[in-house]
Undergrad: 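Following this message is one structure expressed as structure tokens.
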Amino acid sequence: MRCRHGLCGVLAALMLLCSVAVGAKPQEAITLGVYAYRLDTLIYERYQPLADYLSRKTGMQVKLRALSQDDMNRALAANRIDFFLTNPSHFLVVRSERSLTGALATLLKQGQGEATGSIGGVILTRSERDDINTLQDLEGKSIATPGLTYLGGYQAQALELLAAGVDIHRHNRMVYLGNHDRVIRSVLTGDTEVGFIRTGIYEELVEETPGLRGELKIINQQRLKGFPFVASTRLYPEWPLVSLPHVDSGTVRRVASALLALEPDHQAAQAAGLAGFSPPADYQSVEELTRTLRMPPYDKVPRVTWLDVLHQYRGWVVTIAVLFILLVITSLWLSRKKRQLAMEGRRLRALIGSWPQPMLMIRDGVLSDCNRAAMDLVGYPSAASLLGKSLAAFSPHSQPDGAPSLQKAENLYHRVVCGEVAESEWVFLRPDGSRVWVSMTLAPVYEREAGTPAVLCSWHDITRQQFAEEQQRLALSVFKNAREAIFITDAQGSVMDINDAYSHITGREHEEAIGNLPPMPVDEGSAIFGVASRHGVWSGEFATRRVDGRAVVLNLSLSSVVDEQGELSHFVGVFSDITRQKEIEKQLRIMAHYDALTNLPNRVLFSDRLQQSVAQARRQGYQIAVVYIDLDQFKPVNDAFGHQAGDALLVEVARRMRATLREEDTLARLGGDEFAAIVVNVPDEEQLDTLLSRLLSVIAEPAWVANHSVEVSASLGYTLYSPGDEIDGDQLLRQADQAMYQAKRQGKNRCCRFQES
């Protein structure tokens, strides 16, 4: 049996290496503790060969101990082990509780001929559970896991589900079983609906119990390049090997040297399913995972006092206090200014407040008063939302003419205070994000004892007018610049206007197109206008020619337009040139069904024709023969003269065979130097034998390739199908293939018929 994770072998190797520490005595022993993620007996069975290897390599006796997490914690506290191998999450907990120098090495796992230093989680359920297919389907289900401290058996899956919006602590019943084997049994027996295991366990179980693959299915399976195991989550570093502080540095170096020297093909590594060890990996990703899930050692939030906050952010505290004082002073100054302006403001407010036209008063470049009509126009609930701000404060960054709103507002204000009356179009931005266009007039208002005049501003809403003009400009721009050809006709179908794409596709200039009919199918032109008028639209594809005679294929959509009385007034057509697309589709069909070298049908088309031939033979009551052809001695020609010569030989042989067969027969290249043929309407085997003999003869004739005359022969196998036989095309081809191999065994350059015996 192969080790599921190779952890035991690693542990044994570590113990042996420890025993060879510098200056160690021959009888000195070191203890290697291994986290027992599966049954203790299985851990010892698989990792003892690695312990023996380490003993021989270091000259020290390496003792292997398979420990549960609690047992390992007690052994670490009592210094009963010298080295330990555990999962990354447990390593973080141990590192937080005692002084460790970090990982000594990281385990490399062997699987399917590839080595990996990564670990992940697998989410599985029974294959018949059609209701569990995605991560979201796991909400509310019962879940079996080895335990909370298992990185690959719980934490990786929990983070993946949390990212998908499924909090298993809140919505699921969790069952903690202690090891991965019990998790698998729990899922298979139906005690739980879902199971969490680490990567590599599934492959080991399938190898031990082949039928298990059909009983389980993987949820959220990842496609991870270079990773040899099934995974449902992202990957993290593999198990670390750690030395305890009491072990001397010489022993640590010897252990590390022996571990890094372990080759994948060594017996100890193979017994444990390992590819060896690598220098320590970066376990930062594991720390981020445990912090996110609030797992030990990051499951407690430190207490923060006010003194801690003041000490940590004293600079910010002082800054905020100063800003607060400045804010209070500013507020007091503003209050004083408001009281000074109150009396004059009341007079003007009474004047403009009741005016139906939106009106505002501007002083010193900011709004000092406004009426209800102005507030309603820009969508603000109260005057306080506008007062004290410039026009640019509730305007977009730029106006339609491209000028910045702030700069344009200042220019208008300075012109007016100098005695001018200014008019301009302006765009405001409402709180809901919509825009409103106004025609704005600004005039100076001279007041007593004021050196600078105030500015009276009135607005006239022109939003609808601007929207209509914008829509018209947009429609014209789309019409002219569209890549598809667009034309407009009158009710009789005569072209009234076209865009540039129309001329580009048809070759007809604007003057030539106006007053003529647009491109239409020759036989259906008038009928198309009738369909479009009755049903509102017609669409389809048709072939036509440009003015220069070049054939094109067009995809046309024709729509009818009615006036306000519901009467037909125009037609609007949109068409595009799909000639290139049609050519590509034709080429793709050829590539999908024909061999690129010989232009013969490929395996896909051959299978389809074989099924059709069987059906036709069954209906019309005649026999067909399926022939499997394999060239003899083709590889020596390929090796001696190169692939180009081999390809030339295949083309020549294919030409000869196609010329020998009848027109109604099918010859296909299945791949390499293998061909197959369907011979239809076979009257008797004598005529078939004659045909197959001719095939062997033409194949064996010398061929001139690469300036050399070469000869190859062929081995033919065939089988006959008669009406009434309960057999399909795939089975006929397999029988012909078996007969061909029989011809190979009998000496090649011959044909054999398939016999049931």
Undergrad: Is the F571 ring parallel, tilted or perpendicular to the F529 ring (thresholds 30°, 60°)?
TA: perpendicular
Undergrad: Is any side-chain heavy atom of V421 closer than 4.5 Å to a side-chain heavy atom of P444?
TA: yes
Undergrad: Tell me which one of L429, L386, V438 satisfies side-chain contact (heavy atoms from CB on, under 4.5 Å) with V378.
TA: L386
Undergrad: For residues L556 and W538, determine if any side-chain heavy atom of one lies less than 4.5 Å from a side-chain heavy atom of the other.
TA: yes
Undergrad: Looking only at heavy atoms, which two atoms of S557 and V537 are closest? And how far apart?
TA: OG-CG2, 4.0 Å
Undergrad: Are W437 and P400 close enough that some pair of their side-chain heavy atoms sits under 4.5 Å apart?
TA: yes
Undergrad: Quick one: does T666's side chain get under 4.5 Å of S613's, heavy atoms only?
TA: no
Undergrad: As a quick check of understanding, evaluate side-chain contact (heavy atoms from CB on, under 4.5 Å) for W426 and S405, giving each step before the final call.
TA: CA-CA 9 Å; W426 196 272; S405 297; 4.2 Å; yes
Undergrad: Shortest non-hydrogen contact from L360 to L367?
TA: CD2-CD1, 3.6 Å
Undergrad: Between the side chain of N499 and the main-chain N/O of E484, is any donor-acceptor distance below 3.5 Å?
TA: yes
Undergrad: Please work out whether the ring planes of F428 and F394 are parallel, tilted or perpendicular, with thresholds of 30° and 60°.
TA: parallel
Undergrad: Yes or no on salt bridge (charged side-chain N to carboxylate O under 4.0 Å, His left out) for R430 and D432, after CA distance, side-chain angles and deciding distance?
TA: CA-CA 5 Å; R430 288 171 170 164; D432 60 2; 5.6 Å; no
Undergrad: Please report the shortest heavy-atom distance between A513 and I498, naming the atom on each side.
TA: CB-CD1, 3.7 Å
Undergrad: My understanding is that only residues two or more places apart in sequence, or in another chain, count here; which of them pass salt bridge (charged side-chain N to carboxylate O under 4.0 Å, His left out) with K408?
TA: D401
Undergrad: Let's go through V651 and L597 carefully: what are the C-alpha distance in whole Å and the side-chain angles of both, what is the deciding distance for side-chain contact (heavy atoms from CB on, under 4.5 Å) to 0.1 Å, and is it a yes or a no?
TA: CA-CA 7 Å; V651 171; L597 178 64; 3.8 Å; yes
Undergrad: Spell out, as yes or no, whether a donor-acceptor pair under 3.5 Å connects the side chain of N172 to the backbone of K141.
TA: yes
Undergrad: Examine the side chains of H510 and D500 and answer whether a donor and an acceptor come within less than 3.5 Å of each other.
TA: no
Undergrad: Would E585 and Q581 count as having a side-chain donor-acceptor pair, cut-off 3.5 Å?
TA: yes
Undergrad: Which heavy atom of D730 sits nearest to which heavy atom of Q611, and what is that distance?
TA: N-NE2, 3.9 Å
Undergrad: Do you know the tightest heavy-atom contact between P453 and Y413?
TA: O-OH, 4.5 Å
Undergrad: Which pair of non-hydrogen atoms, one from I219 and one from L135, has the smallest distance, and what is that distance?
TA: CG2-N, 4.2 Å
Undergrad: Using the rule given for side-chain contact (heavy atoms from CB on, under 4.5 Å), can you reason through D647 versus Q644, listing the C-alpha separation, both sets of side-chain angles and the distance that settles it, and then say yes or no?
TA: CA-CA 5 Å; D647 290 346; Q644 290 185 350; 5.6 Å; no
Undergrad: Indicate yes or no: at least one non-hydrogen side-chain atom of T233 is less than 4.5 angstrom from one of Q222.
TA: no
Undergrad: Could you walk me through whether F606 and L600 pass the side-chain contact (heavy atoms from CB on, under 4.5 Å) check?
TA: CA-CA 9 Å; F606 177 84; L600 293 176; over 6 Å; no
Undergrad: T452 versus R363: any side-chain heavy-atom pair under 4.5 Å?
TA: no
Undergrad: Donor-acceptor pairs are to be reported for all side-chain atoms of residues 157-170 against protein atoms at under 3.5 Å, with residues two or more places apart or in another chain.
TA:
| from | atom 1 | to | atom 2 | distance (Å) |
| --- | --- | --- | --- | --- |
| Q157 | OE1 | Y154 | N | 3.3 |
| Q157 | NE2 | V122 | O | 3.2 |
| Q157 | NE2 | G152 | O | 2.8 |
| Q157 | NE2 | I197 | O | 3.1 |
| E160 | OE1 | R234 | N | 3.4 |
| E160 | OE1 | R234 | NE | 3.1 |
| D167 | OD1 | H169 | N | 3.2 |
| H169 | NE2 | Y154 | OH | 2.6 |

Undergrad: For side chain to side chain donor-acceptor pair (under 3.5 Å), just list the numbers for T134 and D137, CA-CA rounded to whole Å, side-chain angles, deciding distance to a tenth of an Å, and then say yes or no.
TA: CA-CA 5 Å; T134 65; D137 296 338; 3.2 Å; yes
Undergrad: Answer whether the closest heavy-atom distance between the side chains of S335 and R339 falls below 4.5 Å.
TA: yes
Undergrad: For the residue pair L442 and L456, establish whether any side-chain heavy-atom pair is separated by less than 4.5 Å.
TA: no
Undergrad: What pairs with D131 under salt bridge (charged side-chain N to carboxylate O under 4.0 Å, His left out), at least two apart in sequence or on another chain?
TA: R129
